[in-house]
Amino acid sequence: MNKEIKAKIIKVCDTKIAAKGENVGVSFYAFFKNKNDNPELLMEVAQWWILENKLDHFEKAVKIKEMVKSLS
């Protein structure tokens with residue numbers, strides 16, 4: 001994933017955690033607008049989420065944030 005989407009994922013997770021606490025869940029759709037204006041990036045994140053990491057539809061924002069931060 002490129003650095004822009006990584007930063008956006010971390011920011012969205014931080015915002016959700018601040019608003020709803022450490023147990024809040026997120027879906028990979030949370031990082032995109034309702035309008036599908038970048039299908040390639042959506043598919044890249046979906047592949048990382050579903051195929052590479054075998055994550056459920058909703059995961060804890062804290063977990064996702066840490067996973068993205070650990071990407072090189």
Side chain to side chain contact (heavy atoms under 4.5 Å, CB included), paired with Lys20, selected from Asn23, Val24, Ile17: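 Result: among Asn23, Val24, Ile17, Val24 is the only option passing the side chain to side chain contact (heavy atoms under 4.5 Å, CB included) with Lys20.
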
With Lys65 via salt bridge (charged side-chain N to carboxylate O under 4.0 Å, His left out) - residues at least two apart: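 Testing Lys65 for salt bridge (charged side-chain N to carboxylate O under 4.0 Å, His left out), a comparison that skips the adjacent residues, returns Asp14.
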
Heavy-atom pair of closest approach, residues Lys16 and Gly25: CD-O, 4.5 Å

Heavy-atom closest contact (Val26 atom, Cys13 atom, distance): CG2-SG, 4.4 Å

Decide whether [X] and [Y] are clustered together by the hydrophobic rule: side chain heavy atoms of Ile, Leu, Val, Met, Phe, Trp, Tyr closer than 4.5 Å, transitively.
| X | Y | value |
| --- | --- | --- |
| Met43 | Ile64 | no |
| Phe32 | Met67 | yes |
| Ile9 | Tyr29 | yes |
| Ile50 | Val45 | yes |
| Leu55 | Leu41 | yes |

Measure the [atom1]-[atom2] distance between [X] and [Y] for me, rounded to the nearest 0.5 Å.
| X | Y | atom1 | atom2 | result |
| --- | --- | --- | --- | --- |
| Lys6 | Leu71 | NZ | CG | 5.0 Å |
| Asp56 | Lys63 | CG | NZ | 7.0 Å |
| Glu66 | Ile10 | CD | CD1 | 8.5 Å |

Atom CD of Glu22: over 12 foreign heavy atoms under 6.0 Å: no

Residues Phe31, Val68; criterion side chain to side chain contact (heavy atoms under 4.5 Å, CB included); working and verdict: CA-CA 13 Å; Phe31 315 117; Val68 170; over 6 Å; no

Residue pairs passing the side chain to side chain donor-acceptor pair (under 3.5 Å) test where at least one lies in residues 40-51, sequence neighbours excluded: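 Sorted pair list comes back empty.
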
